[in-house]
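Here is the structure we will look at, set down as structure tokens.
Side chains included, hydrogens not; waters and symmetry mates left out as well; all remaining heavy atoms used.
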Amino acid sequence: MPTRLLSLLTDIPQSGEVLAGRLGVGRVTVNTLAHGLQEDGIPLQITRAGYALTPGTPAPGLVRRTVTLGAALRYRGTVGSTQDEVRAWADDAADPAPHGAVVVAERQTGGRGRRGRAWTPIPGGLTFSVLLGGGGEDGWPPLTLPELALMPLAAGVAVQAACGVGGLKWPNDLLAPDGRKLAGILLEADLRGEEARRAVLGIGLNVSDAPAGAAHLSELRPGVTRAEVLGDILSQLDRWLRAPPAEILDAWAQVSVTLGRPVRVQTPRGPLEGMAERLDAGGSLIVQTPTGPHTVSAGDVELIGALDGGPAP
């Protein structure tokens, strides 16, 4: 029932009487459900004018979506992880999530970033996951390993284009012009040999607030809302996830803050220092060292930072 009430809410106040009629319940029940949504983390305003979501909330009725990405969108208050929510939806035999399905949540209790790090979004952030592919069951072919390798880069290009500011740190972060982190990207895939039945792309973006030491988008674009930027990201993802590999790599290089910088990386074989020269055709980073060029892949490396004392690339 709380989910049914949430699906009726917009940023325009509606009276308890109207909502009760639409749900087929009493006004007291509507009030109880509304307070339950607030406790779950939904930014719901209860005033004399009625019940309304805070303007800019990334709820389905307030987000501009593409024909494919976000056409199916679930908005939640508190979840364990949007990545896990998308997977569970995809595995629902009665109502499986299609390619492009999105889950966006206000809070995560078990969110994660790269290498299993905890990822706990704060209020004012945008946290969502997108289902990519479907193993052929819904008409989308399995994803190949080369396609998977470029997806985080394509997503980075999409997020930077949607935000209109900042630069991309290889392999998965968007940084503000001063080097503070704005957004992070996580791609998880269900591999079967040399292909994946599906992948789940997770994106976390600081919109109106940020943890200590990080940046938020409204510093650079005053007045921007989470609903607006989510719609922009979905539109850009729809474009860049379909783009040819060479176009993705070129666009990524144009807004990179890693290439052309001295870097220190931690690989399974130990630390590596050198100049970040370029990306190869598969999206791996080519680092020029005194002993020659070294190729490091996103899955095998931890980029520590710059060696020149400036903002970390």
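- Checked options Val207, Leu220, Val159, Leu175; the residue passing with Leu182 is Leu220 (criterion: side chain to side chain contact (heavy atoms under 4.5 Å, CB included)).
- Linking ILVMFWY side-chain heavy atoms closer than 4.5 Å, directly or via other members, places Val18 and Leu44 in two distinct hydrophobic clusters.
- Asn172 pairs in a side chain to side chain contact (heavy atoms under 4.5 Å, CB included) with only one of the listed residues (Leu186, Ile185, Leu187), which is Ile185.
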Task: side chain to side chain contact (heavy atoms under 4.5 Å, CB included) assessment of Leu8 paired with Arg4 - done: CA-CA 7 Å; Leu8 299 178; Arg4 285 183 57 201; over 6 Å; no
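- Checking side-chain atoms of Gln236 against main-chain N and O of Ile233 turns up no donor-acceptor pair under 3.5 Å.
- With Asn206 contributing its side chain and Ala215 its backbone, the two residues share a donor-acceptor pair below 3.5 Å.
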Task: Chi angles and distances behind the side chain to side chain contact (heavy atoms under 4.5 Å, CB included) call for Arg198, Arg87 - done: CA-CA 9 Å; Arg198 66 189 180 202; Arg87 280 198 173 85; 4.0 Å; yes
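- Legend: residues meeting side chain to side chain donor-acceptor pair (under 3.5 Å) with Ser129, ordered by chain and number and at least two apart, are Thr82, Gln83.
- Within the 4.5 Å cutoff, side-chain heavy atoms of His35 are placed close to those of Ile46.
- For Thr47, the side-chain contact (heavy atoms from CB on, under 4.5 Å) criterion is met by Ala49, not counting sequence neighbours.
- Contact detail for Val157 and Ala251: the closest heavy-atom pair is CG1-CB, 3.9 Å.
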Task: Worked check of side chain to side chain contact (heavy atoms under 4.5 Å, CB included) between Ile42 and Tyr75 - done: CA-CA 9 Å; Ile42 299 297; Tyr75 169 59; 3.5 Å; yes
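- Without hydrogens or angle criteria, Arg65 side chain to Ala71 main chain gives a donor-acceptor distance under 3.5 Å.
- Taking 4.5 Å as the limit, some side-chain heavy atom of Leu174 sits within range of a side-chain heavy atom of Leu168.
- Few gaps surround CG on Leu145; more than 12 heavy atoms of other groups in view lie less than 6.0 Å from it.
- Considering every non-hydrogen atom in both Gly283 and Trp170, the closest pair reads O-NE1, 3.1 Å.
- Between Thr57 and Leu9, every side-chain heavy-atom pair lies at or beyond the 4.5 Å cut-off.
- A donor-acceptor pair is defined here as one N or O able to donate and one able to accept, closer than 3.5 Å; such a pair exists between the side chain of Thr32 and the backbone of Val28.
- The environment of Glu17 atom CD is sparse: at most 12 non-hydrogen atoms of other residues, nucleotides or ligands sit within 6.0 angstrom.
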